[in-house]
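These notes concern the structure reproduced below.
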Amino acid sequence: MMASGVHPDHNVFPSVLKSSTLLVDLRFGESVHACIVRLGFHLDLYTNNALMNMYAKFQSLYMSTCDEFYGLEVSGGHKIYVHEVLDGIPERNGDGQSKSVLVSCNEPNTDYRKHGFEESVLGSDDNGNLHCVELPCSDGARHVNEGSCAKTNNGRRLQMDSVRKVFEQMPTRDLVSWNTVIVGFARSGLFEEALKMVREMGNANLKPDSFTLSSVLPIFAEYVDVIKGKEIHGYAIRQGLDTDLFIGSSLIDMYAKCTQVEDSQRVFGLLPRRDGISWNSIIAGCVQNGMFDEGLKFFRQMLLAKIKPRHVSFSSIMPACAHMTTLHLGKQLHGYIIRNGYDDNVFIASSLVDMYAKCGNIRLARCIFDKMELHDMVSWTSIIMGHALHGYALDAISLFEQMEEEGVKANSVAFVAALTACSHAGLIDKAWSYFNSMTRNYGIVPGLEHYTAVADLLGRAGKLEEAYEFISSMHIRPTGSIWSTLLSACRVHKNVELAERVAEKIFMTDPDNTGAYILLTNVYSAAHRWKDAVRLRIHMRNKGLKKTPACSWIEIKNKVHAFAAGDESHPCYNKTNEALNVLLERMEREGYVPDTKEVLHDVEEEQKKYLLHYHSERLAIAFGIISTPDGTTIRVIKNLRVCGDCHTAIKFISKIVHREIIVRDNSRFHHFKNGKCSCGDYW
DNA sequence: ATAGGGTTAG
């Protein structure tokens, strides 16, 4: 059209700009922008709105490829967002050891010095929300590394500056103009600037509409600020917008991210109409809050409502299968995923890798991982954690190294996986090197998970005092759960004195911790301190604390079977029992001597043997053996730690029946084959 | 010309 000499009118440019947006062609868009200015259409409302939309889309596209955009997690659920590295600001010390960075935090009045930044050199900027602080770049720079800043600097803000410039030179602005800018800021993580625009919009006598609200709500979801989120909800109700489909799903998501799933459900229940996204918001909301059954229930209801699951639905629901270790469900979903051609999606593939690993099939997990075209940090982390979970520490470590070679930068979760691998294999030196490198070179602040992995490792390796010191010197308050890992190590290494000290720590914050009582009782029994063991049992009974019976599950032909010691309700109980007796006889002939030390002393020795032998995992294994004569792998899911005697017993069983037996306890899978376990005697 | 939901963590 231009070549033929016809002059474009103001209707042309919005379409052309939309094309450059969809073609992801920034340079073309910029030349169209030049053309607009040259022809004098830069005062046209629609054209300007389209221009801003284009620049904002490029900005969010850039942000979605930039992992560091979310910034740094600091304690208490807060995050520091690194916005950009400022050039041209004189370094205070002049020794090249610091860099000025623009940051903000979702916690007001943050003392950045606490998080490894030097004191603020400029204070807040004119927005009142961004802070210019100095980042020491020496070895002491624990919280940000230069790489993340440099990457951030390349694209961050540049396109949003263009949006702002267009916005400022507009003669008139309508709701769409404001909404476009607000969405742009919100999706680029410049939350405070987005909120500031909402306030200014009110000053310009424009009322936020459904577009505004559904763009602003995700900010409060990210901030985990349910108070502000509720204010928006209230405003939506007053405007009669609370049943809007878009606002509805952002409300569901906001409440769920603030752990108030009941409110999510209420909002969902009041929606007059539901599409795939509203369904997915409620499903994801349940799953993210650990309500797996509820999530599955909604997933089924969605299918019944004839809403076709979208690819997002699968990555939302898969973690439910992973956590509940329902392999048959996961497999069914996998089938659906393949039939719909969703299997090339990174989110879905990663969730499948995780699901198969958690359900005990690391080979399939690896197979899916190897078939993926692109590996991102999450898929790497899933497969590393999978190998760690199965005790294949060396594979996990070599995968971690491969990840780094391919230029994928580890984040704090990836380090949890690496440290967990080390912990399960007793690789102390390797673990320390990861831990130190993480804090020094990656700027990651160790969280509870990292500390737990290291403490667990030290404990398992018998370095009990060192573990005690390590936990005591953490920069965050130790929780009952991290002390529990040490208590359990005290049981393994039979250290009564330390066990008492550790249990004391646990009871200080959680006097009703049943697990801790049981562990301590076991320690006393193993040390023949019967009186103490009994005293503790009586104390527990007086407090009304009951031991939850150990339970094991096994999946045979798509059906889950549960076994608990002393529970005779399974239809095949008698046959299972018989099989177990035959097994015990053969085991004893092979040299198995039951370790009855931790069983209560007031039981006859012969009876102790049987109490031990009718442990839930052995019932499940016996059932697995008689139900699958074809010799396939037996996979048992157990809800407690596999104790020392179980470990020995299952080794014998695997040798006698010549089968691979995989047993999962709370923390990992043990692979038994030919009388050996993948984790050796190091359990 | 503008809007909402997803994968990894003892």
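Numbered from 1 within each chain, the chains take letters A, B, ... in sequence-line order. Computation of the quantities below employed the complete heavy-atom set of this structure, encompassing side-chain atoms and omitting hydrogens, waters and symmetry-equivalent molecules.
For A:Ser316, counting side-chain heavy atoms from C-beta on, the closest listed nucleotide (B:dG4, B:dG10, B:dG6) is B:dG6. Nearest to the side-chain atoms of A:Thr381 among the listed nucleotides B:dG6, B:dT8, B:dG4 stands B:dT8. Comparing atom distances between the A:Ile277 side chain and each of B:dG6, B:dG4, B:dG10 picks out B:dG4 as nearest. Comparing atom distances between the A:Ala50 side chain and each of B:dT8, B:dG4, B:dA1 picks out B:dA1 as nearest. Listed candidates were B:dG4, B:dT2, B:dT8. Nearest to the side chain of A:Phe211 is B:dT2.
Residue A:Asp209 is classed as having no contact, given no heavy-atom separation below 4.0 Å to the nucleic acid. Using a 4.0 Å heavy-atom criterion, one finds that A:Gly276 contacts the bases of the nucleic acid, with or without backbone contacts as well. As judged by a 4.0 angstrom heavy-atom cut-off over every strand, A:Ser382 is placed among residues touching the sugar-phosphate backbone only. Base contact: A:His311 has a heavy atom under 4.0 Å from a base atom. At the heavy-atom level, A:Ser281 lies under 4.0 Å from the strands shown only through sugar-phosphate atoms. The residue A:Ile252 sits apart from the nucleic acid: no heavy atom pair falls under 4.0 Å.
For the pair A:Lys297 and A:Phe299, the cation-pi criterion (under 6.0 Å, within 45° of the ring axis) is not fulfilled.
The side chain of A:Arg187 places an N or O atom within less than 4.0 Å of a non-bridging phosphate oxygen (OP1 or OP2) of B:dG4. At least one side-chain nitrogen or oxygen of A:Lys257 sits closer than 4.0 Å to the OP1 or OP2 atom of B:dG6. For the OP1/OP2 pair of B:dG10 and a distance below 4.0 Å, the side-chain nitrogens and oxygens of A:Lys358 include no atom meeting the criterion. Close to B:dG5, at under 4.0 Å from its OP1 or OP2, lies no side-chain N or O of A:Gln288. Put simply, A:Lys57 has a side-chain N or O that comes within less than 4.0 Å of OP1 or OP2 on B:dA3. Close to B:dA1, at under 4.0 Å from its OP1 or OP2, lies no side-chain N or O of A:Asn53.
Atom OH of A:Tyr235 and atom P of B:dA3 are 19 Å apart (whole Å). The interatomic distance linking A:Met254 (CE) with B:dA3 (P) rounds to 20 Å, in whole Å. The distance from atom CG of A:Asp354 to atom C1' of B:dT7 is 8 Å, rounded to the nearest whole Å. Between A:Phe246 atom CZ and B:dG4 atom C1' there is a gap of 6 Å when expressed in whole angstrom units. What separates NZ of A:Lys207 from P of B:dT2 is a distance of 23 Å, to the nearest Å. Per the geometry, CG belonging to A:Asn289 stands 16 Å off P belonging to B:dG5, to the nearest Å. Atom pair A:Ile476:CD1 and B:dG10:C1' shows a separation of 13 Å (rounding to whole Å applied). At whole-Å resolution of the value, CD1 in A:Ile368 and C1' in B:dT8 are 15 Å apart.
In this model, a side-chain donor or acceptor of A:Asn345 finds a partner on the base of B:dG6 within 3.5 Å. Residue A:Ser250 places no side-chain atom within donor-acceptor reach of the base of B:dG4, judged by atom type and a 3.5 Å distance cut-off alone. With hydrogens and angles ignored, a donor-acceptor pair under 3.5 angstrom links the side chain of A:Arg310 to the base of B:dG5. Between the side chain of A:Ser215 and the base of B:dA3, no donor-acceptor pair of N or O atoms lies under 3.5 Å. In terms of polar N and O atoms assigned as donor or acceptor, the side chain of A:Ser315 never comes within less than 3.5 Å of the base of B:dT7 in a complementary pairing.
Classification of the A:His390-A:Phe669 ring pair by plane angle, with boundaries at 30° and 60°, yields parallel. Using a 30° and 60° split on the angle between ring planes, A:Trp432 and A:Phe470 fall in the perpendicular class, above 60°. Using cut-offs of 30° and 60° for the angle between ring planes, the A:Tyr442 and A:Phe415 rings count as perpendicular. The aromatic rings of A:His323 and A:Phe292 lie parallel to each other, with less than 30° between the two planes, well short of the 60° mark.
Of the residues in residues 176-185 of chain A, those lying under 4.0 Å from DNA chain B by heavy-atom distance are A:Val176, A:Asn179, A:Thr180, A:Val183. Of the residues in residues 8-20 of chain A, those lying under 4.0 Å from DNA chain B by heavy-atom distance are A:Lys18.
A side chain to side chain donor-acceptor pair (under 3.5 Å) check over residues 175-184 of chain A, counting only residues at least two apart or in different chains, returns the pairs A:Asn49-A:Ser177, A:Asp174-A:Ser177, A:Asn179-A:Asp209, A:Asn179-A:Thr212.
Judged purely by atom type and a 3.5 angstrom limit, A:Arg310 has no side-chain atom pairing as donor or acceptor with the backbone of A:Ile277. Formation of a donor-acceptor pair under 3.5 Å by the A:Asn48 side chain with backbone atoms of A:Asp44 is found in this model. Of the possible polar contacts, none joining the A:Ser215 side chain to the A:Val183 backbone as a donor-acceptor pair under 3.5 Å is found.
Between A:Ile252 and A:Leu271, some side-chain heavy-atom pair lies under the 4.5 Å cut-off.
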Please walk me through it: do A:Leu399 and A:Ile383 pass side chain to side chain contact (heavy atoms under 4.5 Å, CB included)? CA-CA 8 Å; A:Leu399 281 162; A:Ile383 197 68; 4.1 Å; yes

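The residue from A:Thr452, A:Thr485, A:Asp456 that alone fulfils the side chain to side chain donor-acceptor pair (under 3.5 Å) condition with A:Ser423 is A:Asp456.
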